[in-house]
Every structure is written in structure tokens, then in C-alpha cells.
K.L.:
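Take a look at the following structure, please.
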Amino acid sequence: MMNKRTIQRLYPHVVDLKMTKCPCANDVALLGFVMNTTFDGVYIGLSFSGFWDYDDTQWYNLTDMIYSQVGEEHKQLSVVDMVLTNHFLVILTSLGLFISGDLRYPSSSVLMLSRVDFCGFERVDYIKGKLWYNERCFANREHFEVDYVTITFDRNRTLSEANSCFYSKEPFLEWLPCLPPVPKGTKTILSTVITVLVDQEQSSAVYLFHNQKNTIVSVRILKHNKPDLIQKFPFFSFPSSFSSPVGMIFHPRSHFLYAYGNQVWLSIDGGNTFDLIADFHDDIIKNTYHSFYTSDITLVSQSGKVYLTKAGLEKYSNIGSISDKIFTLYYDHMGFIHKLTPDHFEAGGSLTAFGNSKGIFGQAFDMGFDTALAPQYLTLNEMIFYAYVPKNEPKDRVYTKRFYDIHFGKLIHSRKTGTAYITKVFQHNTPEGFLSSVIAELIDPFGTEEINESSCLSSSLSISEAGNYSYKLSLQLQTPGVISSFQDSDIEKTVVIPGYSSFLITTILDNENALAVATMPEIVPHNMTFQKDSWFLYNFGKRNGQTWNIYAKPCNYWFQQHDDSLSLSVLKYIDLGKSHTLKMKVIPNTKVLRLLEIPLLQVIVGNPNLLEVEVEGYFDESDSYIMEVSTASKTLHQGSTSLEFIVWGASTECYVTTFVPMLKSSCSYLKSMHHIPSEIIPLEDWMSGVYMNSQGFNMIKVLPINYRPPSNMGIAIPLTDNFYHADPSKPIPRNLFYKSKRSGKFKQCANATTRKECNCTNDQKFSYAVAFSDCREKVPRFKFPVIQYPISLQVFSEDGNFPVETPYLVTVTEVNNRENWNLRHTVPENVKKMKNYLESILSAPVYNPLGLNLSIKGSELFHFRVSVVPGVSFCNLVEEFQIYVDEAPLPFPGHTLIAVAAAVLLGGLIFIAFMFQIRNIHPWDTFKKLIRRSNVNPTNTTAN
């Protein structure tokens with residue numbers, strides 16, 4: 001780690017900054033110094049708090065690590081680009097490409113890097129390289145979720161070096177050419193590969209090509225994670241005006257694809273079509289910065305101007321400029337934007353709207369331009385503003401006097417009074433002098449000129465043609481003695497006549513005559529005279545100072561989720577055969593904009609082939625727009641798709657304009673199946689080991705140490721590998737026979753010498769899973785026999801729980817291969833065919849879980865596993881439960897042996913009695929004679 005003084009020595013040698021952030025935790029980010037040729041090294045700063053405080057950044061010197069891979073003889077080492085994926089760090093340096101190990105499982109406290117070799121590439125190539133990455137969060141990663149990184153080199157393709165672009169998927173050990181091999185004889189046009197991105201939602205690769213003639217996008221299908229020659233869509237060719245493409249990028253965690261350069265284009269269908277968002281003419285967007293949380297997209301041009309748009313919106317705003325020569329921008333995990341420079345970090349400061357922090361770019365920017373506007377009323381609440389272009393305007397300056405897409409959705413403010421909301425932008429060649437216009441809805445009426453400002457208003461007005469697309473305006477004094485004339489200050493003011501064309505005054509001929517251009521020549525009132533107070537004068541000119549401005553419109557909509565969730569990036573799992581409904585409400589601010597009778601929300605599905613999507617929208621009684629989207633997984637196809645909800649009429653000033661939930665046709669990591677016991681035993685009773693039922697029977701059995709259930713060969717001959725209540729320090733009971741000695745293996749207690757070393761947690765001690773049988777100490781106890789025990793199963797998920805029933809058919813096995821148990825169930829007629837089919841496939845009995853009953857006629861521990869059959873859920877739904885059967889009669893062959901022994905003994909006695917009888921032997925008489933004899937012959941005594 002580097003100290004602050006060492007870092008300060010690097011500042012004079014830094015020429016650029018490269019920033020990358022963790023896809024799932026944007027507050028974890030890296031900042032790399034791009035060094036000049038006078039100073040070698042790879043220096044990277046790490047922040048866990050979103051670069052709010054410069055002193056909290058940890059700086060690391062990876063120079064020695066890099067040189068250990070390439071050799072000390074190489075010089076001029078520097079960072080060129082960086083990408084932090086979900087699990088790996090990819091660093092492009094001037095001496096090669098380096099990949100970290102899996103960051104989840106570090107092999108040492110020092111970051112280890114491995115070098116990727118590109119044959120024939122040298123430092124002059126690497127310093128012109130660029131890494132491209134489609135940022136997606138793969139928390140709780142599925143098998144179909146794969147990170148890809150591509151690298152492009154700005155070099156001419158030759159016959160010996162045909163590839164200037166490579167791609168790889170994690171762990172990024174093998175890098176392959178981006179372009180599939182072209183069959184021999186196929187004609188190809190050499191083009192520079194600007195960008196290659198992998199679209200994980202649609203399993204395709206999107207290419208941006210450029211040559212001297214045109215710029216095109218090509219989308220190819222991915223087969224076995226490799227791009228195919230087959231085109232998914234026809235080529236999309238941009239117009240020649242898109243002459244300086246810089247790159248292409250997916251907005252994080254969405255399917256919005258942006259191509260940028262001297263123009264910005266948006267695709268919502270994976271590269272099939274693009275729509276123009278902005279045209280910057282001779283300025284070029286060099287970098288884009290994205291926030292998945294607020295959907296903010298900041299565009300920075302090479303001239304330092306900064307523009308803001310929202311993901312999916314076809315409008316943008318100029319929000320200021322940046323004067324720093326060396327900087328980069330960064331959005332943290334909460335949507336705050338930061339300006340990072342080599343020696344300090346700067347956040348947005350005080351926020352007028354949470355997350356919409358633009359203070360680092362200066363004051364609100366006037367998006368107006370230097371020309372006069374001519375207003376033309378369409379209705380009482382709608383008007384057109386024409387932008388005037390003088391005839392003598394130089395051709396290379398004409399573009400500075402026009403409306404553009406940037407003005408869409410903005411507000412026109414008059415210096416006097418009045419505001420209008422721009423709803424449409426037009427480019428045209430007629431009428432003469434007006435090359436562009438906008439339609440605007442009146443919010444506040446615009447103020448007209450007064451007589452003391454323009455004395456000509458005291459006269460009547462007549463209009464006649466003057467030729468050369470001009471019209472002559474003539475004044476006729478109505479009140480003698482009143483001074484009324486045209487003045488130079490009236491130039492660029494507009495004459496507005498209700499029901500007729502408006503006229504922009506361009507020249508003052510004399511006090512009573514002026515020349516003007518008409519906004520709508522088709523409805524010019526020829527040779528007509530309009531009395532005083534029947535015509536009006538508006539001032540939207542620039543001649544006498546700025547009289548109008550264009551600013552971003554304040555937020556005009558509120559976005560509300562039906563479940564009142566505060567998260568703007570939610571993840572929903574949809575299991576096979578299940579559905580999920582999303583409900584949103586858009587509440588318009590009627591003080592800003594009159595209500596529209598068309599849907600306020602636009603819905604875009606990233607992968608329309610994955611889920612069935614049904615949309616229903618309506619206005620409620622409060623004029624809010626409500627949309628319900630129902631999604632269902634109907635096919636056995638796993639994948640993920642984004643679902644974008646765009647408030648298309650919202651201002652870029654709104655905090656929320658786009659809501660992008662991620663839907664996975666897969667199994668939720670929170671979904672599981674559980675057995676519901678017939679009697680619930682409280683946890684405290686489990687801890688004590690005593691729980692008496694209503695009959696005074698203890699329902700808990702404490703298993704003997706190193707217990708193994710009996711086998712079919714007898715109680716004393718266990719054959720299972722599963723130990724229960726394991727303790728390696730204690731002897732193993734029932735271990736006399738050879739087969740029993742060969743069976744039995746510790747799992748949690750493997751390589752342990754005492755039970756304490758098994759490190760069993762309380763959860764493991766109470767787990768029914770066979771994987772934790774070593775830890776299991778207590779099990780449910782039942783009295784023999786167990787008859788018709790109900791196997792009640794429920795599925796639990798984040799959306800609630802429900803009982804397991806058809807089509808969730810199940811298989812049941814005893815994990816220790818015990819017998820003496822059976823199941824009873826009923827099979828509906830409509831399920832029998834599927835049951836029979838599954839039994840032939842699985843080679844096991846299949847049961848209907850509804851009304852499933854278990855009977856046990858054996859003794860001691862039974863351990864059952866219940867599994868849902870495949871094909872009805874993406875989840876591997878498995879549950880285990882245990883039953884200890886106690887107070888059972890003697891097991892076989894106990895009863896038989898006792899009966900045989902008793903029969904043999906009784907038969908023997910009868911046989912002996914029979915033999916005594918036929919031999920005339922009377923044992924009883926003999927016994928009595930012996931007694932009498934002992935009484936008649938007393939003991940002899942002698943007396944001296």
C-alpha cells in the first residue's frame with residue numbers, strides 16, 4: 001500500500017484516469033493512473049465508500065507484479081484501461097493484458113496477476129487498446145450467466161495479422177478473435193472494429209464497424225459461447241452524418257444500447273434498429289458515465305461540455321461543462337455523481353433532487369441559441385416557434401441557428417413573461433428563412449409588446465407582397481396626433497394576427513413600412529388591413545439583448561410502485577409454470593403539463609422469447625396512469641431478461657424516469673420445500689430433549705452416540721454409511737460384524753478427533769439433511785406402529801408459501817435403504833398418464849403429494865427423502881425428515897426363536913411324562929417315599 005506522499009509525487013506525470021466499479025456494489029470502485037512516458041508504473045486506488053473522501057482511498061503499486069511477468073528490460077509501463085467484472089479484475093497496460101485470480105477466493109493477501117499473450121502485439125498496439133464490458137450483476141449467479149470482456153486495438157488489419165479484436169469469458173484464460181473465420185472466396189470489406197459487446201439477454205454479439213464510407217452495426221448469434229457467421233438481424237447502417245463513432249455501450253443491467261461519437265443513437269431491440277438521440281456536429285462525445293440506480297447517463301464531449309439523459313428517454317439536456325484537463329466521472333451505488341481528479345475528489349454537493357447532483361458542472365445551462373424566434377399560434381394553448389436564419393448567414397454557421405433534439409422536452413422562457421413546453425422538433429427547408437421549428441404547449445401566456453415599447457401598435461396594419469419571399473408591412477394611423485411608427489428596435493419582433501400567418505420583421509424601410517418574412521405563407525392575408533388592437537407584437541429577438549431562454553423542464557411526473565418498494569433495481573424469479581405481476585403508477589403534475597390521453601408508460605422486454613408478457617394500462621379517476629404487467633414462464637427455458645418501464649414524457653430533471661426490474665426464468669435461491677410435521681415441537685423443548693404429548697409420551701428421542709440405523713439383516717448389523725450424533729472419540733456400537741465395520745463414514749466429523757472439532761452449529765444439529773447427520777442429536781419419536789402418518793409438504797419462497805400438489809409429483813426414498821414402510825396415496829385420472837410416464841423414466845415409484853400417508857412397521861430411525869420430479873420446476877426441490885419408532889415388539893427372529901424354544905420345552909416335558917407312564921414309573925410316589933424314609937430314621941447320637 002502506498003502513502004499519501006508517494007502518491008503526490010505521481011501527480012505531475014498523470015495524463016489520464018481510468019475508473020471501474022463492481023457491478024453488484026458500485027460503491028466498491030478502482031481508479032487507475034495513466035502515466036506519461038517519463039514515469040513507469042501501475043498505480044491503482046481502491047475505495048469501499050464510493051470515492052467520497054480522497055483520504056479513504058487505498059493506493060496500491062502493482063509495478064513489481066507486472067514486471068515480474070514481462071521482465072525488467074521493458075520500460076514505459078502504465079495503465080491503459082481497466083474492467084472489474086463480477087469475479088475478476090482485467091487490467092490493460094502498455095506492456096500487455098493482465099488478469100487477476102477469482103477475487104472471491106484469494107490465494108494470498110497479495111493480488112496475483114497473470115499475463116495474456118497476443119501474438120504480434122507490442123507496446124504501440126497496447127497503448128491504443130480499449131476494453132469493453134457489458135456491466136451486469138451476477139449475485140447468486142446462475143449457470144447461464146457469464147461475464148464477457150472484449151479488447152479492441154486501433155491497428156490496421158493485414159493478411160498476417162487479421163484480428164484486431166479479441167474476446168473471452170471468465171476466467172479469461174483463453175482469448176479468441178471476435179470475428180468468426182470467413183469461408184474462402186467470400187468477399188469482405190475491411191472495416192475497423194470499434195466495439196464488440198456481448199448481449200447476455202439475447203445470446204448475441206453486437207459489433208460496431210467503421211470505414212471511410214459508412215458506420216454499421218452487426219449482430220451475430222452466439223453458439224456455444226462463440227459468435228457465428230449467421231446474422232441475427234440485417235446490418236444497420238448509420239447515416240453519413242455519424243462520421244466519428246467512438247464506442248457502444250449497454251446501460252448497466254438493462255437492454256438499452258447506445259452508440260456514441262459525434263452523435264448519440266439508442267437501440268432498444270439489441271442492435272436491430274437505432275434512433276437518433278443527439279447530434280453534436282463538430283463536437284464528439286468521448287466518454288459516457290452511467291448510473292443503474294437513477295438511470296442517469298452523463299455524456300462528456302471533447303470540448304468539455306456535459307450532457308445528461310435518462311436511460312430510454314429520447315431527450316437530453318446540457319447541464320454545464322468541465323474545465324479540468326484530467327478527470328473522470330463516477331456514479332456511486334446511490335446515484336450520486338463524483339468528479340475524480342488525480343489530487344482530489346468532488347461530489348455534487350447540495351442536492352436539489354436526491355441523486356440528481358449536477359452542482360459540479362456549474363449553474364443551469366441556457367440551451368437557447370443566437371437567433372430570433374417567430375411565434376405562430378395553432379390554438380389557444382399551442383403554438384409554433386420558428387428559428388430565423390438570415391439570408392446572408394455563412395453556411396458553416398447555419399447549424400448554430402436551429403432547433404435540435406436537445407430542445408425536445410424543454411421549456412421556452414420569455415424575458416417578459418410566459419413559458420411553453422416543447423413537444424416536437426422539426427427540421428425543414430421552407431418557409432424561406434426558417435430551417436427549423438418546434439411545437440410548444442403554453443404553460444403561462446407570453447407577454448406582448450406595449451405601445452410605449454413599440455409605438456407602431458397605435459396604427460392599423462396592412463400587408464402586401466414585396467417579392468423575394470418577403471412581405472411589406474404598412475402602418476395607417478388611426479388617431480390623428482398620435483405618434484406611431486416602426487423603429488429599429490422593432491427588428492426581429494413578430495407580428496401575430498389571430499387566424500393568419502405571423503410575420504418576423506427583418507428590415508425597417510421607413511417610419512411607416514417594414515419588410516418581414518411569413519411563418520406560414522399559405523395563410524398570409526393578402527391586401528388586407530387589420531385595425532389597431534386586432535394584431536399584436538411579440539419580442540423573441542436577439543437584436544436588443546437576450547429576450548428568451550431554453551431550460552430543462554422541472555419534473556412533471558411522479559413514479560410509484562404498487563408495493564411501495566423503494567428499490568429501483570429489483571430482481572424477480574419466475575419458476576416454471578408460475579407468473580408474476582408488476583404494477584406501477586405514473587402521477588402527472590398537472591400544474592406543469594396538461595394531461596395527455598395516451599399511455600404515459602412504455603414497456604420494453606429485453607428478451608421477448610423468454611417469458612410471456614401481458615400488459616394492461618388505464619387511467620384512474622385521479623388521472624394517474626396505472627400499468628399492470630403480468631409475466632409467466634411457460635417453457636423449459638432458463639435465462640434472464642430486463643423489463644424496462646419508461647415514463648417517456650418525463651423531464652431529465654426527474655429523479656425516476658425509468659424502472660428496470662430484472663426477471664429470471666429460473667429457481668429462486670429463497671425457494672425451498674419443507675415437511676410440516678404432524679405435531680410442532682417448540683425450539684426450547686428440542687433443546688431440553690423433552691416434549692410430552694397429550695398421552696404423556698415423550699416425542700423427542702436423543703440418539704446414542706455414533707448411532708447407525710439397523711439394516712434388513714438385523715439390528716446388530718447396520719450397513720449404512722451415515723452416522724448420527726457422531727463423536728470420533730467414542731466407540732462405535734453395533735460394529736462387530738465385518739460388513740458393519742466396512743460401512744459408516746464421518747462427514748462433518750471427518751479428520752476430527754472429538755465432537756467439538758466437528759464444529760457443528762445449532763442449525764446443523766437440528767437439520768434433517770443427511771449431509772449433517774453427524775451433527776444430528778435429537779429426532780422426532782413415535783410409538784410403534786406408525787399408521788397413516790400424513791406427509792404434509794409446502795413450498796416456501798419470497799412470494800409466500802403454498803402446499804405441494806399436482807403437477808408437483810414426488811418420489812420418496814429411505815436414505816439408509818431400510819424397508820418395512822409403505823405409502824398410500826390417490827392418483828387423479830388426469831395425472832395417471834404423467835405418473836406412469838415418469839415412473840418409466842425415473843425407474844422409481846411416483847406419488848401424488850396431496851393426501852400422501854406413511855406407515856412404518858419397523859423400529860428405530862427412518863430417514864426419508866422426498867424429491868419433486870424434474871420438469872415441473874426449475875428448482876431442485878428436496879426435503880428430508882426423520883422418524884424414530886420406539887417401543888416396538890422384539891424384531892425378527894426374536895418372536896420365532898422364543899416360540900420354537902417354548903414348543904420344544906413343552907414337547908420334551910410331555911414326552912418324558914409319557915415315557916414315565918408307559919414304564920409305570922411314578923416319580924411322585926418315589927419322591928414321597930424318600931420323604932418318609934428321612935423322617936423314620938433319625939440321626940444316631942452317642943453319649944459318654
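Numbers for residues simply follow the sequence, beginning at 1.
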K.L.:
What I want to check is whether the side chains of Thr288 and His290 have a donor and an acceptor closer together than 3.5 Å.
P.N.:
yes
K.L.:
Classify the angle between the aromatic ring planes of His281 and Tyr404 as parallel (below 30°), tilted (30 to 60°) or perpendicular (above 60°).
P.N.:
perpendicular
K.L.:
Would you find a donor on one side and an acceptor on the other, under 3.5 Å apart, between the side chain of Ser454 and the backbone of Cys456?
P.N.:
no
K.L.:
Return yes if a side-chain donor-acceptor contact under 3.5 Å exists between Thr215 and His210, otherwise no.
P.N.:
yes
K.L.:
For Asp81, which residues count as a salt bridge (Lys or Arg N to Asp or Glu O under 4.0 Å) partner, sequence neighbours excluded?
P.N.:
Lys130
K.L.:
Do Thr152 and Asp154 get their side chains close enough for a donor-acceptor pair, meaning under 3.5 Å?
P.N.:
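Judged by distance alone, the side chains do not pair up.
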K.L.:
Scan for salt bridge (Lys or Arg N to Asp or Glu O under 4.0 Å) pairs involving residues 448-463, sequence neighbours excluded, and state none if there are none.
P.N.:
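Applying salt bridge (Lys or Arg N to Asp or Glu O under 4.0 Å) to every pair that reaches into residues 448-463, excluding sequence neighbours, yields Lys416-Glu449, Lys416-Glu453, Glu449-Lys493.
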K.L.:
So which heavy atom on Ser218 is nearest to which on Phe209, and how close?
P.N.:
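In terms of heavy atoms, the two residues are closest at CB-CE1, 3.7 Å.
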K.L.:
Taking atom CG of Leu537 and atom OG1 of Thr494, what is their separation to the nearest 0.5 Å?
P.N.:
7.5 Å
K.L.:
Name all pairs fulfilling the side-chain hydrogen bond (donor to acceptor under 3.5 Å, both in side chains) condition that reach into residues 501-510, sequence neighbours left out, sorted by first residue then second.
P.N.:
Gln376-Ser502, Ser501-Thr519, Asp510-Asn513
K.L.:
Would you compute the distance between atom CD1 of Ile550 and atom CZ of Phe403 and round it to the nearest 0.5 angstrom?
P.N.:
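One finds 5.0 Å between CD1 of Ile550 and CZ of Phe403.
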K.L.:
At what distance, to the nearest 0.5 angstrom, does CG of Asn318 lie from OH of Tyr307?
P.N.:
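Separation between the atoms: 5.0 Å.
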K.L.:
Does the Lys NZ or Arg CZ of Lys542 fall within the cation-pi geometry relative to Trp548 - under 6.0 Å from the ring centre and within 45° of the axis?
P.N.:
yes
K.L.:
Quick one: does any side-chain atom of Thr448 pair with a main-chain N or O of Phe536 as donor and acceptor, under 3.5 Å?
P.N.:
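No, Thr448 side chain to Phe536 backbone: no donor-acceptor pair under 3.5 Å.
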K.L.:
Does anything in residues 509-532 form a ring pair (Phe, Tyr, Trp, His ring centres under 6.0 Å)? List the pairs, not counting sequence neighbours.
P.N.:
Tyr500-Phe530
K.L.:
Report yes or no: does Ser317 contribute a side-chain atom to a donor-acceptor pair with the main-chain N or O of Ala552 at less than 3.5 Å?
P.N.:
no
K.L.:
Of the non-hydrogen atoms in Ser437 and Ile384, which two are nearest, and what is the gap between them?
P.N.:
CB-CG2, 3.9 Å
K.L.:
Within a 6.0 Å radius of atom CZ on Phe426, are there more than 12 heavy atoms belonging to other residues, nucleotides or ligands?
P.N.:
yes
K.L.:
State yes or no: are the ring centers of His255 and Phe250 separated by less than 6.0 Å?
P.N.:
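For His255 and Phe250, the ring centres are under 6.0 Å apart.
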K.L.:
Check whether any side-chain heavy atom of Tyr289 sits under 4.5 Å from a side-chain heavy atom of Val300, and report yes or no.
P.N.:
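Side-chain contact under 4.5 Å: yes.
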K.L.:
Should the heavy atoms of other residues, nucleotides or ligands under 6.0 Å from CG of Asn452 be counted, would the total exceed 12?
P.N.:
yes
K.L.:
List the atom of Gly312, the atom of Phe256, and the distance in Å for their closest heavy-atom pair.
P.N.:
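For Gly312 and Phe256, the tightest heavy-atom pair comes out as CA-CE2, 3.5 Å.
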K.L.:
Is any side-chain heavy atom of Leu266 closer than 4.5 Å to one of Leu257?
P.N.:
no
K.L.:
Lys325 side chain to Asp16 main-chain N or O, any donor-acceptor pair under 3.5 Å?
P.N.:
no
K.L.:
Apply side-chain contact (heavy atoms from CB on, under 4.5 Å) to Lys532 and list each qualifying residue two or more places apart in sequence or on a separate chain.
P.N.:
Ile451, Gln478
K.L.:
Identify the residue among Val496, Ile497, Val517 that makes a side-chain contact (heavy atoms from CB on, under 4.5 Å) with Phe503.
P.N.:
Ile497
K.L.:
Centroid separation under 6.0 Å, is that true for the rings of Phe540 and Phe385?
P.N.:
yes
K.L.:
Taking atom NZ of Lys391 as the centre, does the number of heavy atoms from other residues, nucleotides or ligands within less than 6.0 Å exceed 12?
P.N.:
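Enclosed: over 12 neighbouring heavy atoms sit under 6.0 Å from NZ of Lys391.
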K.L.:
Who pairs with Thr400 by side-chain contact (heavy atoms from CB on, under 4.5 Å), at least two apart in sequence or on another chain?
P.N.:
Arg397
K.L.:
Relative to each other, are the rings of His338 and Tyr330 parallel, tilted or perpendicular (30° and 60° limits)?
P.N.:
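Aromatic pair His338/Tyr330 classed tilted.
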K.L.:
Could you walk me through whether Met383 and Phe446 satisfy the side chain to side chain contact (heavy atoms under 4.5 Å, CB included) test, starting with their C-alpha distance in whole Å, then the side-chain angles of each, then the deciding distance to 0.1 Å, before giving a yes or no?
P.N.:
CA-CA 11 Å; Met383 59 196 312; Phe446 290 104; 3.8 Å; yes
K.L.:
What I'd like to find out is whether the side chain of Tyr471 reaches to under 4.5 Å of the side chain of Val524, using heavy atoms alone.
P.N.:
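The answer is yes; the side chains approach within 4.5 Å.
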K.L.:
Can you give me the closest heavy-atom contact between Ala387 and Lys401, atom names plus distance?
P.N.:
CB-O, 3.7 Å
K.L.:
With a 4.5 Å cut-off on side-chain heavy atoms, are Glu492 and Ile505 touching?
P.N.:
no
K.L.:
Hey, does the side chain of Ser436 reach the backbone of Arg402 with a donor-acceptor pair shorter than 3.5 angstrom?
P.N.:
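No; judged by distance alone, with no hydrogens or angles, the pair does not exist.
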K.L.:
Between Ser301 and Lys305 (side chain of the first, backbone of the second, donor and acceptor by atom type, cut-off under 3.5 Å), is there such a pair?
P.N.:
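Present.
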K.L.:
Could you tell me whether the side chain of Leu475 reaches within less than 4.5 Å of the side chain of Phe486, counting heavy atoms only?
P.N.:
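Yes, their side chains come closer than 4.5 Å.
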K.L.:
Quick one: list whatever passes side-chain contact (heavy atoms from CB on, under 4.5 Å) with Ser291, sequence neighbours left out.
P.N.:
Tyr293, Thr294, Asp296, Tyr331
K.L.:
Keeping His428 on the side-chain end and Phe434 on the backbone end, is there a donor-acceptor pair under 3.5 Å?
P.N.:
yes
K.L.:
Return the minimal non-hydrogen interatomic distance between Phe327 and Ile322, and the atom names on each side.
P.N.:
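Nearest heavy atoms, Phe327 then Ile322: CE1-CD1, 3.5 Å.
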K.L.:
Do Ile337 and Phe361 have side-chain heavy atoms sitting under 4.5 Å apart?
P.N.:
yes
K.L.:
Can you name the side-chain contact (heavy atoms from CB on, under 4.5 Å) partners of Ser485, sequence neighbours left out?
P.N.:
Ser455, Gln487, Asn511
K.L.:
What are the two closest non-hydrogen atoms of Asn36 and Pro12, and how far apart are they?
P.N.:
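Shortest heavy-atom contact: ND2-O, 4.1 Å.
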K.L.:
Just grab all the salt bridge (Lys or Arg N to Asp or Glu O under 4.0 Å) pairs involving residues 279-291, residues at least two apart or on different chains.
P.N.:
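Residue pairs passing salt bridge (Lys or Arg N to Asp or Glu O under 4.0 Å), neighbours aside: none found.
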K.L.:
Contact between Leu442 and Asp444 at the side-chain level, heavy atoms closer than 4.5 Å - yes or no?
P.N.:
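No, their side chains stay 4.5 Å or more apart.
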K.L.:
Any side-chain heavy atom of Phe408 within less than 4.5 Å of one from Lys424?
P.N.:
no
K.L.:
Just distance, no hydrogens or angles: give the donor-acceptor pairs under 3.5 Å from side chains in residues 234-246, sequence neighbours left out.
P.N.:
residue: Ser241; atom: OG; partner: Gln263; partner atom: NE2; Å: 2.8

K.L.:
Who passes salt bridge (Lys or Arg N to Asp or Glu O under 4.0 Å) against Asp324, sequence neighbours left out?
P.N.:
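For Asp324 the salt bridge (Lys or Arg N to Asp or Glu O under 4.0 Å) partners, ignoring immediate neighbours, are Lys339.
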K.L.:
Please check if the side chain of Ser651 supplies one atom and the backbone of Glu653 the other of a donor-acceptor pair under 3.5 Å.
P.N.:
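Judged by distance alone, yes, a pair lies under 3.5 Å.
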K.L.:
Looking at Lys315, is its backbone amide N or carbonyl O close enough to the side chain of Asp405 to form a donor-acceptor pair, meaning the two atoms are under 3.5 Å apart?
P.N.:
no
K.L.:
Of all residues at least two apart in sequence or in a different chain, which pass the salt bridge (Lys or Arg N to Asp or Glu O under 4.0 Å) check with Asp269?
P.N.:
none
K.L.:
Kindly compute the distance separating CE (Met367) from CD1 (Ile412), expressed to the nearest 0.5 Å.
P.N.:
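If I round to the nearest 0.5 Å, the distance is 11.5 Å.
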K.L.:
State the CD-OG distance between Gln531 and Ser462, to the nearest 0.5 angstrom.
P.N.:
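Between Gln531 CD and Ser462 OG, I get 10.5 Å after rounding to 0.5 Å.
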K.L.:
Hydrogens and angles aside, do His251 and Ser254 bring a side-chain donor and acceptor to less than 3.5 Å of each other?
P.N.:
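No, because no side-chain N or O of His251 sits under 3.5 Å from a partner of the opposite role on Ser254.
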K.L.:
Keeping the roles fixed (side chain from Asn539, backbone from Gly541), state whether a donor-acceptor pair exists under 3.5 Å.
P.N.:
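Yes, Asn539 side chain to Gly541 backbone: donor-acceptor pair under 3.5 Å.
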K.L.:
Roughly how far, to the nearest 0.5 Å, is the OG atom of Ser295 from the NZ atom of Lys310?
P.N.:
6.5 Å
